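All remarks here apply to the structure that follows.
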Amino acid sequence: MFIIRWILGRLILLLNFIFSPKKLQRKATEQAAVDAQTKSLQLYQYAACPFCVKVRRDIRRNGLNIVTVDAKLADNKQLLASQGGKVQVPCLRIEENNKVSWMYESSAISTYLNERFA
Ligand SMILES: N[C@@H](CCC(=O)N[C@@H](CS)C(=O)NCC(=O)O)C(=O)O
């Protein structure tokens with residue numbers, strides 16, 4: 001089972017690499033303004049999780065620079081569980097007005113990013 005999952009994961013990464021979406025290009029000043037907003041976002045994720053790949057593709061499509069956090073690492077996983085509420089990826093950590101919220105579900109994250117930045 002582990003081997004099948006591992007192979008599927010590599011296949012997803014390969015296909016994602018080959019069919020990588022086009023990154024939105026903005027003028028430098030516009031990109032700087034967007035970067036200032038995305039500084040407060042972090043995507044907790046696994047490299048080969050299909051739901052995470054979907055969100056990363058939306059991030060690229062929207063030309064966003066969002067830090068990704070590897071939730072497989074013990075410290076990150078523990079933070080996700082204790083602050084987010086459960087170990088499930090993708091999860092978007094949003095910091096606004098000194099308040100942190102955790103958004104689960106790939107479709108909710110994609111909708112949020114598309115509505116805010118597309
Ligand atoms: N409906 C969720 C499904 C996410 C999901 O199933 N993620 C898996 C990884 S692919 C997960 O976090 N599993 C828990 C774990 O690995 O501990 C979404 O669309 O984001």
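Start at 1 and go down the list; that is how both ligands and their atoms are numbered. Not measured: the values here are computed from a predicted model.
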Donor-acceptor under 3.5 Å ([X] side chain, [Y] main chain):
{"X": "N97", "Y": "K99", "answer": "no"}
{"X": "Y44", "Y": "G84", "answer": "no"}
{"X": "R56", "Y": "A47", "answer": "yes"}
{"X": "R60", "Y": "S20", "answer": "no"}

Short list, please: which atoms of ligand 1 are under 4.0 Å from a heavy atom of [X]?
{"X": "Y46", "result": "15 (C), 16 (O), 17 (O)"}
{"X": "S106", "result": "18 (C), 19 (O), 20 (O)"}
{"X": "V87", "result": "14 (C), 17 (O)"}
{"X": "C49", "result": "9 (C), 10 (S)"}

Heavy-atom nearest neighbour in the protein, as seen from atom 6 (O) of ligand 1, with distance rounded to 0.1 Å: F51 CE1, 3.7 Å
Protein heavy atom at shortest distance from atom 11 (C) of ligand 1: V89 N, 4.0 Å
Residue pair R116 / Q37, side-chain donor-acceptor N/O under 3.5 Å: yes
N62 and N114 side chains, donor-acceptor separation under 3.5 Å: yes
Within-cutoff protein neighbour (heavy atom, under 4.0 Å) for atom 1 (N) of ligand 1: yes
Non-hydrogen atom of P90 closer than 4.0 Å to ligand 1: yes
Shared hydrophobic cluster, Y46 / L80 (ILVMFWY, side-chain heavy atoms < 4.5 Å): yes
Polar atom proximity, E105 to ligand 1 (N or O, under 3.5 Å): yes
